[in-house]
Amino acid sequence: MSPSFDFLPSVKNREATKLLPWAMAIMVYLSALFAAGSLLLHSGFDEWASSLQGRVTVQITGEEKSAIMSEALEIQDELRGTPGIKSVRILSDEEISALLEPWLGSGNITDNLPVPVMIDLETSDDAYVNLDALESQMRQYSENVYLDDHARWLSHFYNLANTIEYTAFSILIMILAASICIVIFGTKSSMAEHKKTIEIMHLMGAQDHMIAKAYQNRFMIYGIKGGLGGLVLTLLTIYILFILIQNISEGLVEIPSFPFLTLSSLLLFPFFFAFLTMLTARVTVLRELGRMV
């Protein structure tokens with residue numbers, strides 16, 4: 001193990017790298033925020049999509065409630081005898097009202113409102129159901145029947161979610177590249193500030209690895225300080241946004257509890273940035289010292 005010594009001034013003194021912890025805090029904040037958004041989007045969308053997989057909604061419209069209910073009962077009996085369908089259930093008036101209240105308001109759903117009869121059916125996982133043929137079959141009982149296959153429009157949301165995740169990953173890569181550039185600039189500025197000291201140490205027999213170790217230790221401390229500060233700001237921002245989303249979407253969609261387990265991976269960000277800062281500083285110092293010889 002090479003000996004270690006610290007010839008750099010204290011952090012409180014005015015040196016070229018005194019603002020580096022703040023820069024690293026901002027970079028950790030941005031990168032952790034994008035990573036958290038991607039993780040939450042991925043986990044939340046998977047849970048939501050899995051609840052809709054294999055589910056189909058049948059709507060029957062009409063003017064007379066009794067007539068469309070009679071048609072719905074006939075369609076329900078037909079669907080229960082169709083191979084590949086696991087369960088069939090007509091939604092009650094209370095369930096349909098609960099679905100419409102967030103959009104129409106409480107108490108605005110009256111008997112005069114032309115609300116369709118809705119049938120919820122679930123297909124078997126190991127069977128293929130031709131939904132187009134099924135819709136044609138149901139039209140024998142009613143001309144005003146419509147089949148809503150969630151998989152048809154769910155694929156568009158999959159594409160949107162994948163695009164957002166790839167975009168967040170690209171932004172994360174750019175943030176890492178910007179962080180490396182900041183560390184390189186800070187390291188070179190600090191070496192230029194202490195050029196005379198480094199030259200004297202060389203004359204006294206100091207090896208390049210000894211000087212590089214002093215820089216890597218100092219920059220690792222910068223990375224940890226900035227990373228912890230950025231992580232705290234990230235978790236605080238996510239918590240505030242989560243509370244706001246809960247208040248705004250209350251009654252519209254079901255919001256899960258705060259994802260502590262999913263966000264626990266963000267605890268690694270300060271240590272990753274500290275290692276990245278340390279490694280970048282070491283490589284930069286060794287390259288610059290090689291040019292000075």
Closest heavy-atom contact between [X] and [Y]?
X      : Y      : result
Ser179 : Met24  : CB-CE, 4.4 Å
Gln216 : Lys213 : CG-O, 3.2 Å
Leu286 : Ala212 : CD2-CB, 3.7 Å
Pro270 : Leu267 : CD-O, 3.3 Å
Pro116 : Thr61  : CB-CG2, 3.7 Å
Met220 : Ala274 : O-CB, 3.9 Å

> Who are the side chain to side chain contact (heavy atoms under 4.5 Å, CB included) partners of Leu30, not counting sequence neighbours?
Replying inline: Ile26, Ile175
Joint hydrophobic cluster, [X] plus [Y], side-chain heavy atoms closer than 4.5 Å:
X      : Y      : value
Ile184 : Val285 : yes
Phe185 : Leu176 : no
Phe272 : Leu235 : yes
Ile180 : Met278 : no
Leu279 : Leu268 : no

For [Y], does its backbone N or O pair with a side-chain atom of [X] as donor and acceptor, under 3.5 Å?
X      : Y      : result
Thr187 : Val183 : yes
Arg89  : Leu121 : no
Thr280 : Leu276 : yes

> Are Tyr222 and Phe219 close enough that their ring centres sit under 6.0 Å apart?
Replying inline: yes
>> Out of the candidates Glu71, Gln59, Met69, only one should pair with Val117 under the side chain to side chain contact (heavy atoms under 4.5 Å, CB included) rule; please name it.
In response: Met69
> Pick from Leu236, Val232, Leu233: which one makes a side chain to side chain contact (heavy atoms under 4.5 Å, CB included) with Tyr29?
Replying inline: Leu233
Heavy-atom side-chain proximity of [X] to [Y] below 4.5 angstrom:
X      : Y      : result
Gln76  : Arg80  : yes
Val58  : Val88  : no
Ile198 : Met191 : yes
Thr277 : Ile224 : no
Asn144 : Ile68  : no
Leu20  : Ile182 : yes
Leu172 : Ser31  : yes

Please report the interatomic distance [atom1]([X]) to [atom2]([Y]), rounded to the nearest 0.5 Å.
X      : Y      : atom1 : atom2 : value
Cys181 : Met27  : SG    : CE    : 9.0 Å
Lys195 : Glu288 : NZ    : CD    : 10.0 Å
Ile60  : Leu73  : CD1   : CG    : 8.5 Å
Phe34  : Glu165 : CZ    : CD    : 14.0 Å

> Step by step, would you call Ile238 with Leu266 a side chain to side chain contact (heavy atoms under 4.5 Å, CB included)?
Replying inline: CA-CA 12 Å; Ile238 294 174; Leu266 298 181; 4.1 Å; yes
> Please walk me through it: do Ile75 and Val145 pass side chain to side chain contact (heavy atoms under 4.5 Å, CB included)?
Replying inline: CA-CA 10 Å; Ile75 292 176; Val145 61; 4.1 Å; yes
> Checking side chain to side chain contact (heavy atoms under 4.5 Å, CB included) for the pair Arg282/Tyr215: CA distance, chi angles, key distance, verdict?
Replying inline: CA-CA 7 Å; Arg282 178 178 179 82; Tyr215 271 99; over 6 Å; no
> Should the heavy atoms of other residues, nucleotides or ligands under 6.0 Å from CZ of Phe269 be counted, would the total exceed 12?
Replying inline: yes
